[in-house]
Each structure stands twice: as structure tokens, then as C-alpha cells.
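For this chain, numbers begin at 1 and follow the sequence in order.
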Amino acid sequence: MGRHIDRPAPGRDADRAEPPGTSASDDGWTAELRAACGYSALLLGLLLVIDMGSGRLTGLRALLWVALAVLLFVVLVPPRVTAGEGWLASRGLLRRRRVRTDCLVGVRWSDGVSLRLVLRDLDGARVEVDPRVLIANPRLWHLLDAGARSSLGRGTLLCGATVLRQLSERIDRETAHPRSTRAGIRRRPEGVGPGRRP
């Protein structure tokens, strides 16, 4: 009997492999991970101390408090966003999602409590990204923007050019303001300028 060896078929799975080259990741993710660990440990410690102080701590209650702390950790840990030439990925605790930014078909803002940028590619893959991650990490934004421009050039990006322009303007505003304040340049209030009275 011969052995059967499964090889990945070219196509969808092969396209998902991260190509070598320039890549970037969320620089603030490790700090947010540490904060999530800290808050969870603090909650667990407080609950255990309160229960021990009242004399009601049992094994079952301690297990309940550990489960509550783990739940808080799961809620607080943000997905880790990475990007490279032609791709963007978001890795949560349980799963990883990846889109090809050079084959985007749609970019939109999500409906919901927190604002998210939703990216969808030709293969139907979908990733949601917090725009604050892109604002805080210009390299991530640059890689996403380059891929989106490639999609526009190919004609695959049918919906989302306005959303990307809005995000680009917001990132330009957010990154230009700290630079100007470091350089000692103060922004003039709207409507005030040479020849205008405040």
C-alpha cells in the first residue's frame, strides 16, 4: 500500500500564506495585553480577598471568581493586527482572519457600538480593524493604503474609496497635530487668520 500525502492545493490556502517582505504589527498590542492581564488579576485578587475577609470563600466560589477573571481577560484582549505587502491579518485568542489588501472588493465602517473598519477581499475573507490601531501605527496604515490603491488600480475595489479617504484624512490630522505641537507650532482657531478678527 502506498502512502497518501495531502498537499495544500494551490488557490485559497496557498494565497493565505504570508509572503516574505515588509511587514508591520501593532506596537501597542503587548501593552494592551499586559493591561488585560493586570486588570484580570486585580479583579481576581479583590474578589478572593473580599471573600476571605467575609469568611465565605469556598473552592466553588474561588473557581467562579477565576472563571470571571478569565472572562474579563477574554473581553479585554484586543486582536493583534499585522500587515505586509498585499495582506492584513487580525489574530484574536481563538481565530485568525486575513484579507488580501491588493484584492479588496469592499471597505466600510461597521454598524455597532464601537467603530470598526471592515475589509473584504475577492475570496470572501473579512477582517474588522479598529481605526485607532491604524492611527497609532503609521506603518500598518501605509501597507493597507498601498494594497487598497492596488485594488483601486485593478478595479476590484468597488465600494470603499470614500471610507479610505476619510480614514486617510483622519490619520493625517491625528499624526500632523502631535508633530506640530512638538515643533512649537500652535494651531490657529477656525475662522481666525490674517486680516480676520477673532
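When hydrophobic side chains of Ile, Leu, Val, Met, Phe, Trp and Tyr are connected at separations under 4.5 Å, V105 ends up clustered with L122. As a member of the Ile/Leu/Val/Met/Phe/Trp/Tyr network built from side-chain separations under 4.5 Å, L63 groups with nothing else and remains a singleton.
Cluster annotation: L104 is connected to L134 through the hydrophobic network of ILVMFWY side chains, with a link wherever side-chain heavy atoms come within less than 4.5 Å. Side-chain heavy atoms closer than 4.5 Å link hydrophobic residues (I, L, V, M, F, W, Y) into clusters, and following such links, even through other members, never connects V49 to Y39. In the hydrophobic clustering of ILVMFWY residues, with side-chain heavy atoms under 4.5 Å counting as a link, L42 and V70 come out apart. Both W65 and L76 belong to a common hydrophobic cluster when Ile, Leu, Val, Met, Phe, Trp and Tyr are linked at side-chain heavy-atom distances under 4.5 angstrom. With hydrophobic clusters built from ILVMFWY side chains whose heavy atoms lie under 4.5 angstrom apart, L152 does not share a cluster with L143.
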Distance-only donor-acceptor hits, side chain of residues 113-120, under 3.5 Å, sequence neighbours excluded:
unit_1	atom_1	unit_2	atom_2	d
R116	NH1	D130	OD2	3.2

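For L93, the side chain to side chain contact (heavy atoms under 4.5 Å, CB included) partners two or more places apart in sequence, or in a different chain, are F73, V74, V77. Listed by chain and number, the residues in a side chain to side chain contact (heavy atoms under 4.5 Å, CB included) with A62 are L48, L57 (sequence neighbours excluded). Applying the side-chain hydrogen bond (donor to acceptor under 3.5 Å, both in side chains) criterion to R97, with sequence neighbours excluded, gives no partner residue. Partners of L43 by side chain to side chain contact (heavy atoms under 4.5 Å, CB included), not counting sequence neighbours, listed by chain and number: L47, L68, L72. Residues meeting the side-chain hydrogen bond (donor to acceptor under 3.5 Å, both in side chains) test with R126, sequence neighbours left out: E128.
Closest non-hydrogen pair, P79 versus S90, comes out as CB-OG, 3.2 Å. Nearest heavy-atom pair, A125 versus R98, reported as atom, atom and distance to 0.1 Å: CB-O, 3.2 Å. For the pair E174 and I135, the tightest heavy-atom approach, listed with the atom from each and the gap, is CB-CG2, 3.7 Å. Nearest heavy-atom pair, S150 versus D102, reported as atom, atom and distance to 0.1 Å: OG-CB, 3.8 Å.
Between atom OG1 of residue T82 and atom CG of residue L88 there is a gap of 6.5 Å, rounded to the nearest 0.5 Å. Rounded to the nearest 0.5 Å, atoms CG (D121) and CH2 (W87) are 13.5 Å apart.
Annotation: salt bridge (charged side-chain N to carboxylate O under 4.0 Å, His left out) contacts involving residues 64-75, sequence neighbours excluded, are absent. Residue pairs that meet the salt bridge (charged side-chain N to carboxylate O under 4.0 Å, His left out) test with at least one member in residues 29-56, sequence neighbours left out, are D51-R61. Pairs of residues two or more places apart, or lying in two chains, that qualify as side-chain hydrogen bond (donor to acceptor under 3.5 Å, both in side chains) and include a residue from residues 154-171 are W109-Q166. The salt bridge (charged side-chain N to carboxylate O under 4.0 Å, His left out) analysis of residues 63-84, with sequence neighbours excluded, yields no pairs.
By the 4.5 Å heavy-atom criterion applied to side chains, N137 and V133 are counted as neighbours. Contact check for D145 versus I171: no side-chain heavy atoms found under the 4.5 Å cut-off. Inter-residue side-chain proximity for L167 and W141 is flagged as met; some heavy-atom pair is nearer than 4.5 Å.
Of the possible polar contacts, none joining the R139 side chain to the S25 backbone as a donor-acceptor pair under 3.5 Å is found.
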